[in-house]
Amino acid sequence: MKIEERILRRQQTDHEPRLVRESDALNPIAHPTEPTGRGLSIEQLLDVLGPAFHGRLPSDGYVWGPKGTGKSAVIRGLFSQLDRLIGRSTGRIYTTTRAEPTADIAFVYVDGRQAQTGFALVHTVLNSLTSDPVPKQGVGADAIRARLADRLAVDSQSVVVAVDHVGEPETLAAETVCEQFDDLGSSVSTVLIGHDQPDTVTELLDDPETVRFAPYRQHTLIEILTTRQTDGLIRTAITHQQLREVAAWADGDSHDALAALFSAGLIADDNDHEQIGPDDLAAGMNAVPKPSVSLGRVLALPESRQEVLCRLVALPEADRNSVSRAADAIANDRLDLSRATIERVLYELAEAGVIRRVKVDNPERIGRPPSRLEPRFPTRVFRHLSLCD
DNA sequence: ACCTGGTCCCGGGCTCGGTTTT
DNA sequence: AAAACCGAGCCCGGGACCAGGT
């Protein structure tokens, strides 16, 4: 933490301590390095990736399950450890001392939300395999692919690419991801991570190994909340009974559970409460719609979209009762997008499921009834993390 | 070896105007 | 009739690459 931050914090907290600590502990999209309660899944994944321990390229894989089940946390952690332990660096170091053939297999994790086009995906992979700068525009996707092929051929390197969040509205479809690596089949192995059932992916990847992540059991979810809460809240903020309540409400989804707990803490702080009261907790859960879009998706949206969302959630109820009124109000709020673009963006966000349109019936009026816009993501936490203000 | 203009490429804003729904 | 809805093309900024001139 920088000195300036420390000073600012003292200035802000001179009245009384805040319930919510400034840390990522309660952030649903900040993953701990050691995920809780997913030992079995990690073993399954290690089985799939096993050939890499003997210098052979593993077969393709598909990891699937609903949001908030630890897929990203596990794969992220696993790939960074694997790359460190048996990936490039170690391979080089032991080359001269070990008789056995060395594995020159890199493990690259790509967040599909950061790489939303074929170009960006191949770019990310190549960029993590080379220290040379890779152009990020001005050159065609094919050119980047050619360079990647070149790079892999030069010292017969192989790479296992994990592409997270495939098949979301903003991200690449599994099919498109596969196409990117079609020509490099023998040196690239693909592990896709998504929500959908494996049937379509099975055809694409020619019978990949699949690993399924099921929703958390109640007691595991409580364990997760307990460990995170000790770092994210002051000690007396919440009772164990309340954590049980959140876990029961969240129904196996750690994203929703953490978002609700985070929201409750922020709301209690808003109300100057010394601890999270029953009403704060209820409001916290209320601030997380069900079903909810992952905060990771919302916070990965382009800045301009997030600005539209910031203003939308701050709008008075009446202004959200019609798409065109909402667009008017947002356009008047010092946003440097044109009115027409804002309306277009609202429709796009609705199409993507980030906000929902609800028909407002009014028999008095003639013509097609307006649509109320409802956020489908944890609004209180979004406001906190997106730096709306 | 260095400049410079032309061309291609990516990504994102913007707008138009037709279609659908009530 | 009125308003919601949205597909799709246009435009632009800026980086990369190339080739031809100095």
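Checked against C/dC5, C/dA16, C/dC6, the side chain of A/V139 finds its nearest nucleotide in C/dA16. Picking from B/dG11, B/dC14, C/dC5 the nucleotide with the shortest atom distance to the side chain of A/L337 gives B/dC14. Checked against C/dG7, B/dC14, B/dG11, the side chain of A/A120 finds its nearest nucleotide in B/dG11.
We find that CD of A/E307 is positioned 14 Å from C1' of B/dG12, with the value rounded to whole Å. Rounded to a whole Å, the CG atom of A/L335 is 14 Å from the C1' atom of B/dC14. Rounded to an integer number of Å, the gap from A/I342 CD1 to B/dT15 C1' is 14 Å. The nearest whole Å value for the distance from the NZ atom in A/K359 to the C1' atom in B/dT20 is 13 Å. Rounded to whole angstrom, the span from the CD atom of A/E343 across to the P atom of C/dA3 amounts to 13 Å. Following rounding to the nearest Å, A/K136 (NZ) and B/dG12 (P) show an atom-to-atom distance of 13 Å. The nearest whole Å value for the distance from the CD atom in A/E348 to the P atom in B/dG12 is 11 Å. Distance A/R372 CZ to C/dA4 P: 15 Å, rounded to the nearest Å.
A donor-acceptor pair is defined here as one N or O able to donate and one able to accept, closer than 3.5 Å; no such pair exists between the side chain of A/R113 and the backbone of A/V298. The main-chain N or O of A/A300 is never found under 3.5 Å from a side-chain atom of A/R305 such that the two would form a donor-acceptor pair.
Judged as a side chain to side chain contact (heavy atoms under 4.5 Å, CB included), and not counting sequence neighbours, the contacts of A/S322 are A/S324, A/R325, A/P370. Annotation: side chain to side chain contact (heavy atoms under 4.5 Å, CB included) contacts of A/S292 (sequence neighbours excluded): A/K67, A/H255, A/D256, A/V288, A/P289, A/P378.
Using a 4.0 Å heavy-atom criterion, one finds that A/A141 contacts the sugar-phosphate atoms exclusively. Residue-level contact check: A/R357 touches the backbone only, with heavy atoms under 4.0 Å from sugar-phosphate atoms and none from bases. If you check every strand for non-hydrogen atoms under 4.0 Å, A/R147 touches sugar and phosphate atoms only. Across all strands shown, A/F119 has heavy atoms under 4.0 Å from sugar-phosphate atoms exclusively, and none from any base.
Checking the phosphate oxygens (OP1, OP2) of B/dG13, a side-chain nitrogen or oxygen of A/R305 falls inside 4.0 Å. Checking the phosphate oxygens (OP1, OP2) of B/dT15, a side-chain nitrogen or oxygen of A/S338 falls inside 4.0 Å. Remark: A/Y347 is not in phosphate contact with C/dC6, judged by side-chain N or O atoms under 4.0 Å from OP1 or OP2. The phosphate of C/dA4 (OP1 or OP2) has a side-chain N or O of A/S324 nearer than 4.0 angstrom. In terms of phosphate contacts, A/T117 brings a side-chain nitrogen or oxygen within less than 4.0 Å of OP1 or OP2 of B/dG11.
Interface remark: the A/Q137 side chain does form a donor-acceptor pair with the C/dG14 base, using a distance-only criterion of under 3.5 Å.
Residues A/D270 and A/R380 are paired through a salt bridge, judged by an N-O separation under 4.0 Å between the basic side chain and the carboxylate.
In this structure, CD in A/Q114 is found 11.5 Å from OG1 in A/T171, a value given to the nearest 0.5 Å.
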